[in-house]
Amino acid sequence: MLYWYLVFNLIEKRILSAVSAHLQARYGSDLAVVLEQPKQASFGELAIPAAFQLAKSLRKAPRAIAAEIAAEIGAIEGVAGLEIAGNGYINVRFDRGVYADGLLRPPANAAVEQDSGKTIVEHTNINPNKAAHIGHLRNAVLGDTFVRMLRAAGHDVEVQNYIDNTGVQVADVVVGFHYLEHKTPAEVEALINAAQPFDFLCWDLYARTSSYYKDNKDALAWRSETLHAIESGTGEVCDLAHLVADAIVERHLKTMLRLNVMYDVLPRESEILHLQFWATAFELLKQRKAIYLETEGKNKGCWVMPAEAFNDNGGEEDSKVIVRSNGTVTYVGKDIAYQLWKFGLLGKDFYYRILQTYPNGHKLWVSTDQPSGDSPAFGKAARVYNVIDSRQSYLQDVVVAGLRALGFEDQAERSIHFSYEMVALSPRTCVQLGIELSEEDKKRPYIEVSGRKGLGVKADDLIDKLIETALVEVESRHADATPEECRAVAQQIAIGALRYFMLKFTRNSVIAFDFQEALSFEGETGPYVQYATVRARNIIQKLEARGEKLPDFANVLDKAAMARQLESEDAWQLLLAASKTDLAIERAIVSGDPAHLAKYAFQLAQAFNNFYHEYHVLNEENPEKRTFLLWMTDYFRSQLECTLGVLGIEAPPYM
RNA sequence: GGGCGCGUAGCUCAGUUGGAUAGAGCAUCAGCCUUCUAAGCUGAGGGUCGCUGGUUCGAGUCCAGCCGCGCCUACCA
């Protein structure tokens, strides 16, 4: 892993090693020293709780031990002083001048660690049979932000979006077109190019087909016929399926691009079938006895994985069917093959072609079953993150168990289910959408969405609504701007609001989606952070409009001057908050939750807003202070822009 | 029944490996725009951290047992 230079981290490390060495020499203790963030900023920058841990073995009061350590440890570079506090804390105060100087003039020898191989992040994975909804948005925004975090920290990341273009869900829409509406491929093609978005049309058709099955059980035969046709790879129904899936994938890619979400490659299930990925995996699984042919009971005739493989006390659990008694493979089976491929363990690869080139020049590849020239090397990862909601954790466990049963212990260990809770609807939003609720549902805190019932909020509808809401605000504030400019700004604000909303909740909390909350641009929201960034840039723009240039801070600000300016506790706290961006990114990666970075972004914006109100930068008369405040402004600006960038949020030119 | 998760202010949620006075936002109330944009800032009120016990110098955090809620537990994906 590559870390860019962290002044804070550097001082932290110095303290850690100094304290460890001292405890070893003085007490013969090999205690693992840790540092804490003091509860209150006024206590200092870091706290050492080591005295508490030593109290027992030394049979001494923590406070006395703390005093002893503080008195005897000696000087640590970058540390101005140590204080005893509470029952035995040692609070650390940084040398403010040294710290600021480190931020302004970072030493050249940045710590570099080698990345240990490629990381694959798989996210989005929407069934290509209907429009994307808010649940898919959570997946894509979480995945994309996690990718940005990893890349910011120097990781080599490959982004995959798996397309299940041969599954039941696609089949059901094909049933709708073919059997219910008697449409030919040519007629469906006309619909794809029609004014109404094709994925919206399919949203309704899918719901209609699903409800038709309910009243006409015989119609389920249409589904299996369609699935067989798709699997055979030929015929009108199969053509129809590809037509539908490809058109909807294109729509999904457009929707995701609106949110600044892009991919490297789309592995498709059709290729997993045609290139016999499953057949290869099946042989492996049989060979190594990871699955067996059930000879009795309800699963008679199926190839199953025993429950003990994926469940610690699997005695009571049913084994998991991998191959059905009719010889067809389940989704989990295909997923095991896919997971093996991701690690380069299958001994097979897809062929690839370029599907499209994004506006920024990035190329998106898609799997194909025909040799088609050069392509980047996909797959063969050292680590795999599957961004999939927690409802599928059972299936993810089975996939990992498959790897383990094949003897790929390391890869099983590095198969990470990046799980998150679902997005449901608040009862209030259901009412707004005209969804009728039963008395029972009304009492629930949230209502689960259902694509099958067509119950949910479409991603594009939500984005449009956000843009319209933002547009009203932008136009009311900038009467002089052109409609195109206003729209562009409104779009950035809308996406900022949406991405932040999807990130502000920790992964394992259910989001009860509420329009009123999601459409808010005030308080803890994306636009709040964007607004702070715009303000910081405005100060610098105003300066330049007055014919002044931003000083070359490294030449005009020395350590002593900064130390003088940082005698103000407020200024120091603000600088400290602003300097912790890298730390926040690193912690969010370690904890695996982008919500932590979103929280930091909000706190950073709060800090800047405090700065903005407390100091009037351009009117400052003291030259040294004015230069210093300009530096702080510029530093805040760059830190805010960096954080927003990692969150995938743009800062508009004005708000 | 089993697995996973949740329960913290009126509402929506944070709370790092146990640590100092449990925090935000929204909502409510009281203030702040001739000054770099008020999508902002300042202040006030608001808490039995679901319950009971345990571990220890110390528990919202760890352990056990309860209570309530959600999801999963398909030859669907």
Side-chain angles (χ1 to χ4, degrees), chain A residues 32 34 36-40 43 47 49 52 55-56 61-62 85-89 91 125 127 164 167-170 223 269 298-304 307 310-318 320-326 328 330-332 334-335 389-395 397 419 421-422 424 426 444-446 448 452 470 473-474 477-478 493 497 504-506 508-512 514 516-517 520-525 527-528 530-532 534-536 538-543 587 590-591 593 595-596 599 602-603 605-606 609-610 612-619 633 654-655:
Chain A
V34 292
E36 284 174 16
Q37 223 36 245
K39 277 278 179 215
Q40 282 182 46
F43 290 159
F52 293 109
K56 203 166 193 181
N87 286 329
Y89 279 101
N91 288 338
N125 300 9
N127 275 310
D164 181 5
V168 174
Q169 305 219 25
V170 170
R223 176 194 275 174
E269 185 151 279
K298 61 172 184 169
N299 291 336
K300 187 177 177 184
C302 297
W303 285 88
V304 301
F310 52 88
N311 195 327
D312 289 340
N313 54 344
E316 309 264 318
E317 288 291 312
D318 286 349
K320 178 67 195 168
V321 172
I322 306 295
V323 179
R324 304 183 185 97
S325 54
N326 67 4
T328 58
T330 60
Y331 171 78
V332 195
K334 284 178 274 194
D335 219 17
D389 78 66
S390 62
R391 285 172 291 192
Q392 298 200 44
S393 61
Y394 166 70
L395 295 173
D397 288 347
S419 77
E421 273 290 348
M422 62 178 168
S426 75
R444 294 171 190 269
Y446 48 78
E448 195 173 352
R452 217 163 261 287
E473 295 288 325
V474 176
R477 286 153 214 250
H478 301 281
I493 293 169
K504 73 190 282 192
F505 305 91
T506 50
N508 47 15
S509 117
V510 175
I511 299 181
D514 186 81
Q516 197 166 312
E517 235 182 288
S520 165
F521 300 149
E522 286 165 21
E524 196 192 340
T525 66
Y528 178 93
Q530 290 173 310
Y531 189 66
V534 167
R535 280 177 146 185
N538 276 354
I539 295 175
I540 294 160
Q541 272 171 25
K542 192 99 172 185
L543 179 86
R587 284 183 184 174
V590 170
S591 69
D593 206 330
H596 294 149
K599 185 68 85 182
F602 174 62
Q603 286 164 349
Q606 263 185 330
N609 277 328
N610 288 332
Y612 187 89
H613 283 272
E614 196 171 340
Y615 302 98
H616 204 280
V617 180
L618 297 181
N619 287 359
T633 305
Y654 54 82
M655 281 180 77

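Quick note on labels: first sequence line is chain A, next is B, and so on, each numbered from 1. We use all heavy atoms of the structure for the numbers below, so side chains are in, but hydrogens, waters and symmetry mates are not. Source: prediction; values computed, not measured.
Aromatic stacking of A/His616 on B/C36: satisfied, with centres closer than 5.5 Å and planes within an angle under 30 degrees.
At the heavy-atom level, A/Val168 lies under 4.0 Å from the strands shown only through sugar-phosphate atoms. Among the heavy atoms of the strands lying under 4.0 Å from A/Leu395 is at least one base atom, whether or not backbone atoms are also near. Residue contacts shown for A/Lys300 include a base, since a base heavy atom lies under 4.0 Å away. If you check every strand for non-hydrogen atoms under 4.0 Å, A/Asn91 touches a base. Here A/Tyr531 lies in heavy-atom contact (under 4.0 Å) with a base. Residue A/Phe43 is in base contact, counting any heavy-atom pair closer than 4.0 Å across all strands shown. No contact: A/Ala424 has no heavy atom under 4.0 Å from any strand. Among the atoms of the strands shown, base atoms are found under 4.0 Å from some heavy atom of A/Phe521. Within the 4.0 angstrom heavy-atom criterion, base atoms lie near A/Val534. Nucleic acid contact class of A/Asn610 (heavy atoms, under 4.0 Å, all strands): sugar-phosphate only.
Distance from the side chain of A/Lys599 is smallest to B/A14 among B/A14, B/A38, B/A77. Closest approach to the A/Tyr394 side chain among B/G25, B/G40, B/U73 is made by B/U73 (side chain taken as heavy atoms from C-beta onward). Here the nucleotide nearest the side chain of A/Thr506, chosen from B/C13, B/U37, B/C76, is B/C13. Picking from B/G70, B/A20, B/C76 the nucleotide with the shortest atom distance to the side chain of A/Pro38 gives B/A20. Here the nucleotide nearest the side chain of A/His613, chosen from B/C36, B/C71, B/G40, is B/G40. Taking every side-chain heavy atom of A/Met655 into account, B/U37 is the closest of B/A77, B/U37, B/U17. Listed nucleotides B/C75, B/C76, B/U37 differ in distance to A/Tyr654; the shortest reach to its side chain belongs to B/U37. Of the candidates B/A77, B/C75, B/G25, B/G25 carries the atom nearest the A/Glu524 side chain, counting heavy atoms from C-beta on. Residue A/Arg477 has its side chain nearest to B/A39 when only B/A39, B/A74, B/C36 are considered. Nearest nucleotide to the A/Asn508 side chain, out of B/U12, B/G5, B/A38: B/G5.
No side-chain donor-acceptor contact under 3.5 Å links A/Asn299 to the backbone of A/Cys302. Between the side chain of A/His596 and the backbone N or O of A/Ser591, no donor-acceptor pair lies under 3.5 Å. A donor-acceptor pair is defined here as one N or O able to donate and one able to accept, closer than 3.5 Å; no such pair exists between the side chain of A/Ser419 and the backbone of A/Asp389.
Ring centroids of A/Phe310 and A/Tyr394 are separated by less than 6.0 Å, placing the two rings close together. Within the 6.0 Å centre-distance limit, the rings of A/Tyr528 and A/Phe602 are counted as a close aromatic pair.
Syn is the conformation of B/C33, whose glycosidic angle sits no further than 90° from 0.
No more than 12 heavy atoms of other residues, nucleotides or ligands sit less than 6.0 Å from atom CD of A/Gln516.
B/A9 and B/G60 have their C1' atoms separated by 14 Å, given to the nearest Å. Across the P atoms, B/U61 and B/U8 are found 14 Å apart, a figure rounded to whole Å. A distance of about 38 Å separates the P atoms of B/U17 and B/A77, rounded to the whole Å. Look at the P atom in both B/A59 and B/U12: the space between them is 29 Å, to the nearest Å. Here the separation of B/G45 from B/A24, taken at their P atoms, is 13 Å to the nearest Å. Look at the P atom in both B/C57 and B/A22: the space between them is 23 Å, to the nearest Å. Between the P atoms of B/C62 and B/G15, the separation comes to 12 Å (whole Å). Rounded to a whole angstrom, the distance from the P atom of B/U56 to that of B/G18 is 16 Å.
Between the base of B/C6 and the side chain of A/Ser509 there is no donor-acceptor pair shorter than 3.5 Å. At a cut-off of 3.5 angstrom, counting only N and O atoms as typed in the model, there is no donor on one side facing an acceptor on the other between the side-chain of A/Asn609 and the base of B/A39.
Close to B/G70, at under 4.0 Å from its OP1 or OP2, lies a side-chain N or O of A/Arg444. Listed pair A/Arg535 / B/A38 meets the phosphate criterion, a side-chain N or O lying under 4.0 Å from OP1 or OP2. Applying the 4.0 Å criterion to OP1 and OP2 of B/A77, one finds that A/Arg324 has a side-chain N or O inside that range. Taking side-chain N and O atoms only, A/Gln606 has a distance below 4.0 Å to OP1 or OP2 of B/G25.
Computed from coordinates, the A/Tyr528 OH to B/C41 P distance equals 4 Å when rounded to whole Å. Rounded to whole angstrom, the span from the CZ atom of A/Phe602 across to the P atom of B/G40 amounts to 9 Å.
Under 4.0 Å is where a charged nitrogen must lie from a carboxylate oxygen, and between A/Glu517 and A/Lys504 no such pair does.
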A/Glu524 vs A/Lys599, test: salt bridge (Lys or Arg N to Asp or Glu O under 4.0 Å). Steps then yes/no. CA-CA 9 Å; A/Glu524 196 192 340; A/Lys599 185 68 85 182; 3.5 Å; yes
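A/Asn538 and A/Tyr654 form no side-chain donor-acceptor contact under 3.5 Å, judged by distance and modelled atom types alone.
As the counterpart of B/C11, B/G25 is assigned, both hydrogen-bonding distances of the Watson-Crick or G-U wobble pattern falling under 3.5 Å. The nucleotide B/U55 finds no pairing partner, because no Watson-Crick or G-U wobble arrangement with both distances shorter than 3.5 Å includes it. Across all strands shown, B/G45 remains unpaired; no Watson-Crick or G-U wobble contact has both distances below 3.5 Å. Using Watson-Crick or G-U wobble geometry with both donor-acceptor distances under 3.5 Å, B/C4 finds its partner in B/G70.
The residue among A/Ala605 and A/Ser325 whose nearest nucleotide of RNA chain B lies closer to the 5′ end is A/Ala605. Mapping A/Val474 and A/Glu517 onto RNA chain B by nearest heavy atom places A/Glu517 closer to the 5' end of the strand.
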